Trainee: 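The structure under discussion is supplied below as structure tokens; questions concerning it will follow.
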Amino acid sequence: MPTSLSDILNTPIVIGGKTVQNRLALAPMAQLSHVAFRELLAGFGGVGLMFTEMCSAKRVRHENRFVSPYFRWRDEELDRLVCQILGNDPEIMAEAARRIEAEGFFGVDVNFGCAASSICAQAGGAAVLKDPALAEKIIGEIRRAVRIPVLVKFRIGWRDDPEFSVEMARRFEAAGADALTFHPRVAPDRRSHRPKWAYIGEVKAAVRIPVFGNGDVFSSEDCLEMISGTGCDGVSVGRLAVARPWTLAQWSGTFPSRAVPYLETALGLSELLLKHFEPKDALRRFVRFSLYFSANFLYGHSLHTRISNARDMGDVENILGDFFSTSPQTVSRPNMNFLR
């Protein structure tokens with residue numbers, strides 16, 4: 001059995017009959033896990049699966065990939081790209097899954113994890129967990145509609161009850177899910193409390209399909225502890241992957257450089273954003289990224305404030321050049337005030 005983190009992460013895993021070479025996944029994140037950021041992350045390596053931003057199932061059915069701000073991808077990434085969809089109508093979700101399969105994605109992921117009030121008010125995301133039968137039916141309809149892997153991301157539920165999480169995991173598996181990503185927080189909790197990693201172990205023990213743990217993994221020690229402490233099959237990383245896109249490659253042992261490429265990473269993303277998006281959209285997404293990126297620096301608030309006031313991407317590049325000209329002091333662990 002592999003014992004080092006890199007050996008564990010580089011042990012292949014089978015999901016729905018497809019082999020994934022690495023057990024780290026880029027978590028789906030609104031305005032962050034877009035095509036430009038995924039291209040940046042792919043350049044570093046060290047990630048097995050990548051997830052799109054949350055996509056509305058209603059729109060996916062008819063969306064133009066070259067116009068859509070969310071349902072957009074590079075053909076080169078499809079073999080490890082999972083499209084996450086949001087909705088509560090089983091037939092519409094299944095129809096969206098058919099479109100995703102036809103486009104060549106690795107798989108489809110069902111969002112039962114988003115606890116944002118705007119999403120839950122529309123009875124989407126974690127709100128679907130209030131109706132377990134409906135959540136199970138959605139997975140079943142998607143399973144009957146496609147042959148590609150079907151994944152599910154979900155939370156504990158709407159009260160702190162690990163038995164409910166175990167029940168839902170078993171329901172999803174019975175309905176045909178090929179893998180689960182479990183975020184062990186109750187749905188109303190927007191990161192105000194630590195996730196209960198022990199619950200990941202209970203979910204993993206209840207099913208035979210792969211389970212990815214998710215929530216507050218900010219170091220290689222955290223990653224190893226989650227895997228060894230819960231028995232989960234892989235780790236889904238979100239906020240840290242945005243703040244430090246090279247980190248997954250470091251953990252996997254595929255990033256040889258000791259020098260941390262802060263400036264090169266920021267400038268690289270700015271170029272990729274302009275490659276994939278119109279200038280105004282590129283700027284908006286870079287501002288969002290900069291909040292996470294700024295968490296790396298002792299005085300990161302000044303960097304984020306300046307970028308937030310930038311008029312265009314040219315301004316952003318000048319601000320970055322000026323900020324790094326003074327060799328800014330970094331912090332060992334990202335400032336959590338930026339990552340809420």
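Remember, predicted model here, so these are calculated numbers, not experimental data.
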Trainee: Give a yes or no answer on whether the side chain of Asn88 reaches the backbone of Ala123 with a donor-acceptor pair at less than 3.5 Å.
Mentor: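 Flag set: sc Asn88 to bb Ala123 pair under 3.5 Å.
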Trainee: What's the verdict on side-chain contact (heavy atoms from CB on, under 4.5 Å) for Trp246 and Tyr262, showing C-alpha distance, side-chain angles and the deciding distance?
Mentor: CA-CA 9 Å; Trp246 53 86; Tyr262 289 109; 3.5 Å; yes
Trainee: Between Glu39 and Lys275, is the closest basic N to carboxylate O distance under 4.0 Å?
Mentor: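 Looking at Lys275 and Glu39, the cut-off is met.
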Trainee: Is it possible for you to say whether Ile156 and Val166 belong to one hydrophobic cluster, with membership spreading through side-chain heavy-atom contacts below 4.5 Å?
Mentor: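 No, Ile156 does not connect to Val166 through the hydrophobic network.
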Trainee: Taking all heavy atoms of Ala310 and all of Leu283, pick out the closest pair and write down the distance.
Mentor: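 Looks like O-CD2, 3.6 Å.
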Trainee: Would you call Glu167-Arg171 a salt bridge at under 4.0 Å N-O?
Mentor: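 Counted as a salt bridge, because a side-chain N and a carboxylate O are separated by less than 4.0 Å.
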Trainee: Would you check, one step at a time, whether the test side-chain contact (heavy atoms from CB on, under 4.5 Å) holds for Val20 with Val14?
Mentor: CA-CA 6 Å; Val20 181; Val14 177; over 6 Å; no
Trainee: Quickly, which of Asp109, Thr181, Thr52 forms a side-chain hydrogen bond (donor to acceptor under 3.5 Å, both in side chains) with Gln84? Name it, please.
Mentor: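 Among Asp109, Thr181, Thr52, the one meeting side-chain hydrogen bond (donor to acceptor under 3.5 Å, both in side chains) with Gln84 is Asp109.
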Trainee: I need the Phe212 CZ to Asp233 CG distance, nearest 0.5 Å.
Mentor: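 Here the interatomic distance stands at 7.0 Å.
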Trainee: Just wondering, do Phe71 and Ile100 contact through their side chains at under 4.5 Å, heavy atoms?
Mentor: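 In short, these two side chains touch, coming nearer than 4.5 Å.
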Trainee: What are the two closest non-hydrogen atoms of Gly124 and Leu86, and how far apart are they?
Mentor: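 In terms of heavy atoms, the two residues are closest at C-CD1, 4.0 Å.
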Trainee: Hey, any chance Ile227 and Leu49 share a hydrophobic cluster, counting ILVMFWY side chains that come within less than 4.5 Å of each other, even indirectly?
Mentor: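 Each belongs to a different hydrophobic cluster.
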Trainee: Does the pair Arg80/Glu77 count as a salt bridge with the N-to-O cut at 4.0 Å?
Mentor: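 No salt bridge links Arg80 with Glu77.
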Trainee: Is there a chain of hydrophobic side chains (I, L, V, M, F, W, Y, each step under 4.5 Å between heavy atoms) that links Val108 to Val35?
Mentor: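 Same hydrophobic cluster.
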Trainee: How far apart are the closest heavy atoms of Arg239 and Met29, and which atoms are they?
Mentor: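 What the structure gives for the nearest pair is N-SD, 3.9 Å.
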Trainee: CG/Leu151 to SG/Cys83 distance, rounded to the nearest 0.5 angstrom?
Mentor: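 Spacing of CG (Leu151) from SG (Cys83) equals 11.5 Å.
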Trainee: Are the side chain of Arg61 and the backbone of Glu95 linked by a donor-acceptor contact shorter than 3.5 Å?
Mentor: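 No, Arg61 side chain to Glu95 backbone: no donor-acceptor pair under 3.5 Å.
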Trainee: Cation-pi check for Phe277 against Arg285: NZ or CZ below 6.0 Å from the six-membered ring centre and within 45 degrees of the axis, yes or no?
Mentor: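 Yes, Arg285 and Phe277 form such a contact.
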Trainee: Look at Glu101 together with Arg147 and state whether they make a salt bridge at an N to O cut-off of under 4.0 Å.
Mentor: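 So Glu101 does not pair with Arg147 through a salt bridge.
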Trainee: If you define the side chain from C-beta out and look only at heavy atoms, does anything of Val331 sit under 4.5 Å from Phe297?
Mentor: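 No; the side chains remain at least 4.5 Å from each other.
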Trainee: State whether a side-chain donor-acceptor pair under 3.5 Å links Asp161 with Tyr199.
Mentor: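 No, Tyr199 and Asp161 have no side-chain donor paired with an acceptor closer than 3.5 Å.
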Trainee: Please verify the inter-ring angle class for Phe324 with Phe293; under 30° counts as parallel, over 60° as perpendicular, anything in between as tilted.
Mentor: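 Phe324 and Phe293: tilted rings.
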Trainee: Does Asp79 pair with Lys18 as a salt bridge, N-O distance under 4.0 Å?
Mentor: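 So Asp79 does not pair with Lys18 through a salt bridge.
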Trainee: Does the structure place the NZ or CZ of Arg194 under 6.0 Å from the centre of the six-membered ring of Trp197, at an angle of no more than 45° from the ring's axis?
Mentor: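 Yes, Arg194 and Trp197 form such a contact.
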Trainee: The test is side-chain contact (heavy atoms from CB on, under 4.5 Å); show your working for Leu81 and Phe106 and say whether it passes.
Mentor: CA-CA 5 Å; Leu81 183 60; Phe106 174 93; 5.6 Å; no
Trainee: Using atom types as modelled and distance alone, determine if a side-chain donor or acceptor of Arg59 lies under 3.5 Å from a backbone N or O of Ser56.
Mentor: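 Pair absent, no side-chain N/O of Arg59 close to backbone of Ser56.
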Trainee: If only side-chain N and O atoms count, and only distance matters, is there a donor-acceptor pair under 3.5 Å linking Glu63 with Ser68?
Mentor: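 There is such a pair between these side chains.
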Trainee: Could Glu103 and Arg65 be called an ion pair, given the rule that one side-chain N must be under 4.0 Å from one carboxylate O?
Mentor: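 No, no charged N to carboxylate O under 4.0 Å.
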Trainee: Ignoring hydrogens and angles, tell me if any N or O in the side chain of Ser290 forms a donor-acceptor pair with the backbone of Val287 under 3.5 Å.
Mentor: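 Confirmed, Ser290 side chain pairs with Val287 backbone.
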Trainee: If you round to the nearest 0.5 Å, how far is NE2 of His183 from SG of Cys114?
Mentor: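 One finds 11.0 Å between SG of Cys114 and NE2 of His183.
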Trainee: Using a 4.5 Å cut-off on heavy atoms from C-beta on, say whether the side chain of Phe44 contacts that of Leu248.
Mentor: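 Counting from C-beta outward, Leu248 and Phe44 never come under 4.5 Å.
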Trainee: Could you please spell out the steps behind the side-chain contact (heavy atoms from CB on, under 4.5 Å) verdict for Val152 and Phe112?
Mentor: CA-CA 7 Å; Val152 183; Phe112 293 150; 3.7 Å; yes
Trainee: State whether the side chain of Glu173 and the backbone N or O of Arg208 hold a donor-acceptor pair below 3.5 Å, judged by distance alone.
Mentor: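 Yes, the answer is positive, given that a donor and an acceptor are paired below the 3.5 Å cut-off.
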Trainee: Using a 6.0 Å cut-off, check whether atom CD of Glu163 has over 12 heavy atoms from anything other than its own residue.
Mentor: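 12 or below, so no.
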Trainee: Quick one, Trp73 with Phe66, criterion ring-ring contact (aromatic ring centres under 6.0 Å, His included). Give me CA distance, side-chain angles, the key distance, then yes/no.
Mentor: CA-CA 9 Å; Trp73 63 89; Phe66 300 106; 7.8 Å; no
Trainee: Could you tell me the separation between the OG atom of Ser165 and the NZ atom of Lys196, rounded to the nearest 0.5 Å?
Mentor: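 The OG atom of Ser165 sits 10.5 Å away from the NZ atom of Lys196.
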Trainee: Taking the side chain as every heavy atom from C-beta outward, state whether Ser6 and Ser252 have any atom pair closer than 4.5 Å.
Mentor: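 A side-chain contact is absent here, since even the closest heavy-atom pair is not under 4.5 Å.
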Trainee: If every non-hydrogen atom of Thr254 is compared with every non-hydrogen atom of Gly45, which pair is closest and at what distance?
Mentor: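 Between these two residues, the closest heavy atoms are OG1-C, 4.0 Å.
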Trainee: Does the pair Arg185/Asp216 count as a salt bridge with the N-to-O cut at 4.0 Å?
Mentor: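 Salt bridge flag = yes for Asp216 with Arg185.
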Trainee: For the backbone of Leu291 and the side chain of Ser294, can you confirm whether one donor and one acceptor N or O come within less than 3.5 Å of each other?
Mentor: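 Checking the backbone N and O of Leu291 against the side chain of Ser294, no donor-acceptor pair under 3.5 Å is found.
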Trainee: Could you tell me whether the side chain of Leu26 reaches within less than 4.5 Å of the side chain of Val237, counting heavy atoms only?
Mentor: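 A side-chain contact is absent here, since even the closest heavy-atom pair is not under 4.5 Å.
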Trainee: Answer with yes or no whether the hydrophobic clustering places Leu41 together with Leu263; edges join I, L, V, M, F, W, Y residues whose side-chain heavy atoms lie under 4.5 Å apart.
Mentor: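 Cluster IDs for Leu41 and Leu263 match.
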Trainee: Any non-hydrogen side-chain atom of Val203 less than 4.5 Å from a side-chain atom of Ile200?
Mentor: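 A side-chain contact is absent here, since even the closest heavy-atom pair is not under 4.5 Å.
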Trainee: Ring centres of Phe154 and Phe172 under 6.0 Å apart?
Mentor: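 Yes, the ring centres sit under 6.0 Å apart.
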Trainee: Heavy atoms only: give me the nearest Arg23-Pro12 pair and the separation to one decimal.
Mentor: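 What the structure gives for the nearest pair is NH2-O, 3.0 Å.
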Trainee: Do the charged groups of Asp222 and Arg333 touch, with an N to O distance under 4.0 Å?
Mentor: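 Salt bridge between Asp222 and Arg333, a charged N being under 4.0 Å from a carboxylate O: yes.
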Trainee: Which heavy atom of Asp178 sits nearest to which heavy atom of Pro210, and what is that distance?
Mentor: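 Scanning both residues, the minimum pair turns out to be O-CD, 3.2 Å.
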Trainee: Please determine whether a side-chain nitrogen of the Lys or Arg among Arg306 and Asp322 lies less than 4.0 Å from a carboxylate oxygen of the Asp or Glu.
Mentor: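 Yes, Arg306 and Asp322 are salt-bridged.
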Trainee: Can you find a heavy atom in the side chain of Ile85 that is under 4.5 Å from one in the side chain of Asn111?
Mentor: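 The answer is no, as the side chains (C-beta and beyond) never meet within the 4.5 Å cut-off.
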Trainee: Quick one: does Phe37's side chain get under 4.5 Å of Pro245's, heavy atoms only?
Mentor: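 Of all side-chain heavy-atom pairs linking Pro245 with Phe37, at least one is under 4.5 Å.
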Trainee: Enter the distance from Asp281:CG to His34:NE2 here, rounded to the nearest 0.5 Å.
Mentor: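 So the CG of Asp281 and the NE2 of His34 are separated by 10.5 Å.
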Trainee: Indicate if Phe51 and Val235 have the same hydrophobic cluster label, given that clusters are the connected sets of ILVMFWY residues with side-chain heavy-atom separations under 4.5 angstrom.
Mentor: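 In one cluster: no.
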Trainee: Nearest 0.5 Å, what's the CZ-NE2 distance between Arg288 and His304?
Mentor: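 Output value for this atom pair is 9.0 Å.
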Trainee: Ring centroids only, cut at 6.0 angstrom: are Phe164 and Trp158 within range, meaning strictly under it?
Mentor: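 Not close enough - the centres of the two rings lie 6.0 Å or further apart.
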Trainee: Assess whether atom CD of Gln329 is packed by more than 12 heavy atoms of other residues, nucleotides or ligands within 6.0 Å.
Mentor: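 No, not enclosed.
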